[in-house]
Amino acid sequence: MSAPDAADVVRGRFEPGATEPLIFELGHPGRANTYFPNARALEEFLPAQTLRPDLPLPDNSELDVIRHYTRLSQRNFSIDTGFYPLGSCTMKYNPRVNDAMANLPGFRDLHPFAPDELAQGALALMYDLERYLAAIFGMAQFSLNPAAGAHAELAALLIAKAYFAKKGEGAARTTVIVPDTAHGTNPASAAMVGYKVVSLQSDARGRVGVDAIKAVLGPDTAVCMMTNPNTLGLFEDHILEIARAVHAAGGLMYYDGANANALMGNARPGDMGFDLMHLNTHKTFSIPHGGGGAGHGPVGVAAHLVDFLPTPVVRKTGDRYALDFDRPESIGPMRSFWSNFAHAVRGFTYILANGGDGLTKVSQLAVLNANYVRVKVREFLDTPYDEICRHEFVASAQELKRETGVRALDLAKALLDHGFHAPTMYFPLLVPECLMIEPTETESKETLDAFVAALRSIVEQAKRDPQAVLAAPTTTVVGRVDETRAAREPDLRWKAPA
Amino acid sequence: MANPENLLYSKDHEWAKIEGDTATVGITDYAQNSLGDIVYVELPRVGQTIAPHASIGVVESVKAVSELFSPVGGEVVEINPLLEKDPAAVNRDAFGEGWMYRVKVSGDPAPDLLSAADYEKLVTTA
Amino acid sequence: MYAPHTQSDIRDMLETVGVASLEELLRVPDAIALGEPLAVPRGLPELELQRTISAYAAQNDAAGYTSFLGAGSYRHYIPPVVPAIAMRGEFLTAYTPYQAEVSQGYLQAIYEWQSYVCLLTGLDLSNASVYDGATALAEAAIMAVNATGRRALLVSPAVHPNYRAVLRTYARGLELEVDELQFCAEEGTSGLDSLPALLAEKRYAAVVVQSPNFFGCVDVPGDSTRTAIEASGTVLIGVVAEAMSLGALVSPADWGAHIAVGEAQSFGNPVAYGGPYVGFIAANKEHMRRIPGRLVGRTVDGTGKLAYTLTLQAREQHIRREKATSNICTNQAHCALCATIYLAAVGATGLRRCATLNVERAHILAERVTRVPGFSRRFGAPVFNEIAIRVPDGTSAAAVLAGLQERRILGGVDLGRWYPQLADSILMTATELTTDGEIEALTGALGAIASGAIGGHAAPISGEASVVRA
């Protein structure tokens, strides 16, 4: 793309609906803000050949920076501005007190190499958070080390690998069983520890069948990765028999915690026979997604796997806390420092705000909201697994597509025009034209009614005037994006005009 | 688009055109159509020895990935240079300018490849 | 509790669903039902909540100490404009920008981040960020393995010890071999002279070098080493654990890196006891299909209007599943946003000045500390903002640090924690925040410790000062 004239860039910028220029197209060299005092010349300290010849970044006034990024912020959907019915993502309200607490100077400015005796508050918080997680999910111990859910999942599989190696079964146990309702990270994580994936089809009830799992178990089974409730929003009611079968074959049960918001105070993965699990604290415990991270992904284990947890873990001796790195069986550290600590503070604040009684209520109301939306949506869309769901459910637009040509994708795009975010689409893969809806507990009945009304009106419009739905969205700052061009001619960065 | 009579086909939706000891290989029109807009083709290296039915590359569309399984075995002697710049050639003309690579075939080139008619049956019953 | 439900809402909704109670709605088989309340105290109203959490923060006594800690986590000035914009709810509470039409702002900001990383590292492309510096290195190593088909890695011992440890964690999973070079004890550099011989076998997928390295030293391969790296087809991974150095020092591309990885926490993100931070990966374009994680691309919408979108998604876990380049799902979008706003605010002029101040403060620190009898620079190579200081004979880094701690100074990290032969050396860090007064307090304390004044001090040097290993 050719370089626009700077004056034109700024002129065009203020027109309604205008494209916001890149920060690199704004500003002038030397239009600097005075944040730092003068320094002596670099050449006084360092040999010339160690110094970079140029630093080709733009200089912008602070006002222009504020205007630019404020305008960008306004070109975004967010929880603070609207409702996300995103299945398996748990887009609940992010209480601001969590951020205020994470930002306390005693936490924000604490250096990771501060001696343990000067970081007792942070260590106590990590310890207490870990204890609460263990209690809520019925595991022996968690490590707060992994940076996100997929990262914790990788940690869990490394733990399994180390466990089997220690038992002398490392060479034999090479497969991971993953149901077709699993998240995409499951097989990718398995590949990162060299495990082969065995896919398992769900039964007609949308569950993992006990016989089906017995058929694929063997001396090569390392881990069975499941989530409960599963991604259809259904509770795996035979989970104990499945766990017994996996354990009888010598394998481990892994719980993908993405759907943990349905469970608190109701049932615990530890009691269902799971040996390993991860949590997405940014889902269940209200840490802001921040546009895709940072996340927070504690990994938890049953008693026989505690020694393998990633380092460090917080150890309590008397009333003193310390980071414990001296764990010879550990898989080692997963990241640069101890944890995404600021997020640990947010999650801990959320747990204390709700308490055990509140968390139990959170899960109950999350399930109530999902069922409320489900029974309303089934009036105008197929809900292939028509029974009480947990925190989410799936609907299918297959029949609608056959009738009108309007697909799940088109419904989702049309929802954007009604001010709602799209649901999760085309997942899980076993439901054709799938819409996966998770309202979370923080949405009011009125909001849910408004969402259902919007979806209903789109379905009705599809039957009346499918072209109008296929053209959506029309009210957003850009229309449907040319993804083919994006992938065929990748333009991944700004380049200075020649 | 009809599957040309002069080509042989694999169950993995690839075609091979055998000329002497050389085979030209590509994916079928049926395959390109089910993948959608192809954005990238990863081909084997010239000089690489490949076994029949081995996974030797990938075809990417915007939101899907499909592995390439070679219908024949032998040594790769040429790759289609067009596809790096213009992967859409596979969508436009899967049996022509969208060819992928040439192999100097070793052994029986096509013990289990299908005729155009048999391949037609495979995709219409799929 | 943040749920808005009134009792009558709950009643009405249960009736709509057709069940009698919440308990009935959540019924599970008896054998797994939790038969007791959760072992978590009752919820707190916000006022009490703030008091409770603040009490934890207040126990972190380090807040009141003068600090020369660095070693991969850096205190830098954060202009208030950074949090003021980044904490806007439209950014903070947004989901991953899969729905491009309602995510143009975040997508553009990430495109700007990718551009900044390219401009700073000198490489062709960058992803939307990864967890942190250590995981960036591990992911880059996997890229190199996939690019070369080789399964061994050669790593400088002057790469951050935590990064090397994480690399080993990942390497165990993938069953990769990790070898280490011998480092040069005089210069504090990687001992790269032995590289040509080691690379001749073409066994290594990658050579990993960090500059400035863990000892703060500029540590880059010379021309003959670079020639050997190129000739052997080995990928040179350049690690930058202190991104601020990119404002002053030669870029990784200019010193020969094919892939540059590192930690950008220094740009607008607080130290926060270790996270969240923001790792970056930049690479030559030949690695485009192998780079892990999210990538934002610029394209158009149906009407030809400029638009941004996540692209090349076929590399990623949710499509390629077990054949994905990585299992990475999240990036560190919000931390990358903070870094982007920081870079936009300080600009080239501010970044260069801040980097220069770091160099200046570190050299003043080194000069003043080495004026204290018995203290000397451990290594000879040029440094950015960290310096290894050897303590007087007859004492140890640990003992000197404990003495400083008695005087409310965190003097740096004990290099003996990772390098037993360097138990006589402290890694001290100075940034633009380090004042003359703080340096004076440090040198005064070091003088007192060296002259044995500590012996007469009320509190003895504690032998319990947390000895930890990583």
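Residue numbering restarts at 1 for every chain, and letters A, B, ... go by the order of the sequence lines. Bear in mind that the values here come from a model prediction, so they are computed numbers and not experimental data.
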Relative to chain A, which segment of C:Tyr163 carries a heavy atom at a distance below 4.5 Å: side chain, backbone, both, or neither? side chain
Among C:Asp61, C:Thr135, C:Leu119, which residue forms the greatest number of heavy-atom pairs with chain A at distances under 4.5 Å? C:Leu119
Within a strict 4.5 Å, meaning less than it, do heavy atoms of the C:Leu174 and A:Val193 side chains meet? no
Report the C-alpha separation of A:Asp491 and C:Tyr111 in whole Å, then their side-chain angles, then the decisive distance to 0.1 Å, and conclude whether the side-chain hydrogen bond (donor to acceptor under 3.5 Å, both in side chains) test is met. CA-CA 9 Å; A:Asp491 170 3; C:Tyr111 180 89; 2.7 Å; yes
Checking C:Ala345 against chain A: side chain, backbone, both or neither under 4.5 Å from a heavy atom? both
Answer yes or no: is there a side-chain heavy-atom contact under 4.5 Å between A:Asn340 and C:Gln332? yes
Residue pair A:Tyr372 / C:Leu14, side-chain heavy-atom distance below 4.5 Å: no
Looking only at atom types and distance, does a side-chain atom of C:Gln114 sit under 3.5 Å from a main-chain N or O of A:Leu492, one as donor and one as acceptor? yes
Check each atom of C:Ser129 against the heavy atoms of chain A and say whether the ones under 4.5 Å are side chain, backbone, both or neither. neither
C:Tyr308 to A:Val481 - nearest heavy-atom pair and separation: O-CG2, 4.3 Å
Between A:Asn266, A:Val375, A:Val362, who has the most heavy-atom pairs with chain C when the cutoff is under 4.5 Å? A:Asn266
Report yes if the side chains of A:Pro115 and C:Gln405 come closer than 4.5 Å at any heavy-atom pair, otherwise no. yes
Residue among A:Glu153, A:Gln364, A:Glu441, A:Glu483 with most heavy-atom pairs under 4.5 Å to chain C: A:Gln364
Has the side chain of C:Thr93 got a donor or acceptor atom that lies under 3.5 Å from a matching backbone atom of A:Ile79? yes
CA sep, side-chain torsions, deciding dist, call: C:Glu432, A:Tyr35, side-chain hydrogen bond (donor to acceptor under 3.5 Å, both in side chains): CA-CA 11 Å; C:Glu432 75 281 5; A:Tyr35 298 120; over 6 Å; no
Chain A contacts, top residue of C:Val271, C:Leu26, C:Leu22 (heavy-atom pairs, under 4.5 Å): C:Leu26
Are any side-chain N or O atoms of A:Arg52 and backbone N or O atoms of C:Leu246, one a donor and one an acceptor, separated by less than 3.5 Å? yes
Anything under 30° is parallel, anything over 60° is perpendicular, the rest tilted; go ahead and classify A:Phe341 against C:Tyr273. perpendicular
Taking all non-hydrogen atoms of both residues, which atom of A:Cys89 and which atom of C:Tyr95 are closest, and how far apart? SG-OH, 3.0 Å
Indicate yes or no: at least one non-hydrogen side-chain atom of A:Leu55 is less than 4.5 angstrom from one of C:Leu120. yes
Centroid-centroid under 6.0 Å between A:Phe24 and C:Tyr116 rings: yes
Do the side chain of A:Asp80 and the main chain of C:Glu90 share a donor and acceptor less than 3.5 angstrom apart? no
Is there a donor-acceptor contact under 3.5 Å from the side chain of C:Thr299 to the main chain of A:Asp482? yes
So, the part of C:Ser103 with a heavy atom under 4.5 Å from chain A: the answer is both
Given that the side chain runs from C-beta out, which part of C:Arg88 has a heavy atom under 4.5 Å from chain A: side chain, backbone, both or neither? side chain
Could you tell me which portion of C:Val19 (side chain, backbone, both or neither) has an atom closer than 4.5 angstrom to a non-hydrogen atom of chain A? side chain
For C:Val346, is it the side chain, the backbone, both or neither that has a heavy atom under 4.5 Å from a heavy atom of chain A? both
A:His68 and C:Glu112: side chain donor to acceptor below 3.5 Å: yes
Mind telling me whether A:Phe337 and C:His160 have parallel, tilted or perpendicular rings, with 30° and 60° as the class edges? perpendicular
In terms of heavy-atom pairs under 4.5 Å with chain C, the winner among A:Ala487, A:Ala486, A:Gly106, A:Ala148 is A:Ala486
Below 30° counts as parallel, above 60° as perpendicular, anything between as tilted: where do the rings of C:Tyr77 and A:Phe36 land? perpendicular
Distance col, row A:Leu118:CG vs C:Leu410:CG, nearest 0.5 angstrom, shows 6.0 Å
Hey, do the aromatic rings of C:Tyr56 and A:Phe348 have their centres closer than 6.0 Å? yes
Got A:Lys445 and C:Met13 here, is their nearest side-chain heavy-atom distance under 4.5 Å? yes
Can you check salt bridge (Lys or Arg N to Asp or Glu O under 4.0 Å) on A:Arg480 and C:Glu101, steps first, answer last? CA-CA 7 Å; A:Arg480 289 196 204 182; C:Glu101 299 89 340; 5.1 Å; no
Kindly indicate, with the supporting measurements, whether the criterion side chain to side chain contact (heavy atoms under 4.5 Å, CB included) is fulfilled by A:Arg40 and C:His363. CA-CA 11 Å; A:Arg40 284 150 65 186; C:His363 283 78; over 6 Å; no
Go through the atoms of C:Pro41 and report whether side chain, backbone, both or neither lie under 4.5 Å from a heavy atom of chain A. both
What residue, out of A:Val345, A:Asn33, A:Leu46, A:Leu86, has the most heavy-atom pairs lying under 4.5 Å from chain C? A:Leu46
Side chain to side chain, C:Gln104 and A:Thr19, heavy atoms closer than 4.5 Å: no
Quick check on C:Thr349 against chain A: is it the side chain, the backbone, both or neither that has a heavy atom closer than 4.5 Å? both
Which answer fits C:Ile110, side chain, backbone, both or neither, if we ask what part of it has an atom under 4.5 Å from a heavy atom of chain A? neither
Are C:Val102 and A:Asn76 close enough that some pair of their side-chain heavy atoms sits under 4.5 Å apart? no
Any donor-acceptor N/O pair, C:Thr356 side chain to A:Leu42 backbone, under 3.5 Å: no
Quick one: what part of C:Leu357 sits under 4.5 Å from any heavy atom of chain A, side chain, backbone, both or neither? both
Is the backbone N or O of A:Trp494 less than 3.5 Å from a side-chain atom of C:Ser115, with the two atoms forming a donor-acceptor pair by type? yes
Under 4.5 Å heavy-atom distance to chain A, tell me which part of C:Val17 shows up: side chain, backbone, both or neither. both
Please look at C:Gln50 and chain A and tell me whether the side chain, the backbone, both or neither of the residue comes under 4.5 angstrom of a heavy atom of that chain. both
Please check this pair: side chain of C:Asp132 against backbone of A:Ser336, looking for a donor-acceptor N/O pair closer than 3.5 Å. yes
Part of C:Leu69 within contact of chain A (heavy atom distance under 4.5 Å): both
Between C:Gly350, C:Ala39, C:Cys118, C:Pro29, who has the most heavy-atom pairs with chain A when the cutoff is under 4.5 Å? C:Cys118
